[in-house]
S.K.: 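Submitted below is the structure of interest, expressed as structure tokens.
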Amino acid sequence: MNKIIFASSNYNKFEELVRIIKLKNTEIIFSDNKFEAPEETGTTFFENALIKAKYYSKKFSLPVISEDSGLCVKALEYQPGIFSSTYSGTNNALENNRKLLNKLKDKKDRSCFYFCTHVFLRKFDDPFPLFSSSQWNGYIAKESIGKNGFGYDPIFIDSKSGLSAAAISLKKKNSISHRFRSLKKLEKKINKLNLNE
Ligand code: IMP
């Protein structure tokens, strides 16, 4: 059985990932907080995902899948973007949501999208990283709706169904989300490799 580390300190993301991605003969392990997280000094989702993948593959000496994701709001010049997890200055989702609702108080255009990028490295100096990305279009609600999900889900409304990401089941979220679409592309690419080579 091959082992791949999912490089993240966010267990919610891991919970979604293991339900979405199926890799041949491979177990995916949550990196947890075993090592202090690296500084995310990139200016793009892709750069930050690569920083995390390189850091954790070196620490664990194992192949790694990393993710960088966030919420991009059109009326706020696509912020919070790569700064989504600490938008309010803390890592607290309630505070982040409150700040965002406040910023949008007088804005007509509430459209937004979740974006994520995934990177896969066989080893930290792998010259052939695999990557994928996707987005999920929606708009920001006027107030929190629903109890499922994490982060901005209670205020993110899926543009197709009109339901908040926290009001739909995890199963439903995992069939339409940015994470689902990106991971399905990565799954295809990884399953073409021979991880024992
Ligand atoms: P990262 O750990 O630096 O990639 O930060 C990702 C942040 O983006 C999370 O902490 C959330 O604030 C936000 N985010 C990304 N994907 C989702 C999602 O599926 N639901 C809710 N919030 C999300």
S.K.: Asn137: which residues meet the side chain to side chain donor-acceptor pair (under 3.5 Å) condition with it, sequence neighbours left out?
M.R.: Gln135
S.K.: Please name the pair of heavy atoms, one in Lys173 and one in Ala165, separated by the smallest distance, quoted to 0.1 Å.
M.R.: CD-O, 4.5 Å
S.K.: Which atom pair, heavy atoms only, marks the closest approach of Ala7 to Lys52?
M.R.: CB-O, 4.3 Å
S.K.: Measuring from atom CG of Leu121 to atom CD1 of Ile5, what distance do you get when rounded to the nearest 0.5 angstrom?
M.R.: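 Between atom CG of Leu121 and atom CD1 of Ile5 there are 13.0 Å.
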S.K.: Might you confirm whether atom CD of Glu36 has over 12 heavy atoms from other residues, nucleotides or ligands at distances under 6.0 Å?
M.R.: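 No, not enclosed.
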S.K.: Do the two ring centres, one from Tyr56 and one from Phe35, sit under 6.0 Å apart?
M.R.: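 No - the distance between ring centres of Tyr56 and Phe35 does not fall below the 6.0 Å cut-off.
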S.K.: Between Arg98 and Glu95, is there a salt bridge with N-O shorter than 4.0 Å?
M.R.: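 Yes, Glu95 and Arg98 are salt-bridged.
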S.K.: Only one of Phe150, Tyr152, Phe156 passes ring-ring contact (aromatic ring centres under 6.0 Å, His included) with Tyr114; say which it is.
M.R.: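 Of the listed residues Phe150, Tyr152, Phe156, the ring-ring contact (aromatic ring centres under 6.0 Å, His included) partner of Tyr114 is Phe156.
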S.K.: Inspect the surroundings of NZ in Lys172 and state if more than 12 heavy atoms from other residues, nucleotides or ligands are less than 6.0 Å away.
M.R.: no
S.K.: Parallel under 30°, tilted from 30 to 60°, perpendicular over 60°: which one fits the rings of Tyr11 and Phe14?
M.R.: tilted
S.K.: Measuring from atom CD1 of Ile190 to atom NE2 of His118, what distance do you get when rounded to the nearest 0.5 angstrom?
M.R.: 9.5 Å
S.K.: To check you understand the geometry: which heavy-atom pair defines the closest contact between Ile145 and Ala166, and what is its length?
M.R.: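 Heavy atoms only, the tightest pair is O-CB, 3.5 Å.
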S.K.: I want to check a possible cation-pi pair here: Lys74 against Tyr139, using under 6.0 Å from ring centre and within 45° of the ring axis as the test.
M.R.: no
S.K.: Give me the atom names and distance for the closest heavy-atom approach of Leu71 to Ser84.
M.R.: N-OG, 2.9 Å
S.K.: Is it the case that over 12 heavy atoms from other parts of the model lie below 6.0 angstrom from the NZ atom of Lys99?
M.R.: yes
S.K.: Give the intermediate values and the outcome of side chain to side chain contact (heavy atoms under 4.5 Å, CB included) for residues Leu76 and Leu104.
M.R.: CA-CA 8 Å; Leu76 303 178; Leu104 285 180; 4.1 Å; yes
S.K.: Measure across Ser133 and Lys185 and return the closest heavy-atom pair with its distance rounded to 0.1 Å.
M.R.: O-NZ, 2.7 Å
S.K.: Just by distance, no angles: are the side chains of Ser8 and Asn10 close enough, under 3.5 Å, to form a donor-acceptor pair?
M.R.: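 The criterion, which ignores hydrogens and geometry beyond distance, is not satisfied for Asn10 and Ser8.
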S.K.: Does a salt bridge link Lys22 with Glu187, judged by any charged N lying under 4.0 Å from a carboxylate O?
M.R.: no
S.K.: Side chains of Asn96 and Ser88 only: does a donor on one sit below 3.5 Å from an acceptor on the other?
M.R.: yes
S.K.: Using every non-hydrogen atom in the two residues, find where Asn97 and Pro154 come nearest and quote the distance to one decimal.
M.R.: ND2-CD, 4.0 Å
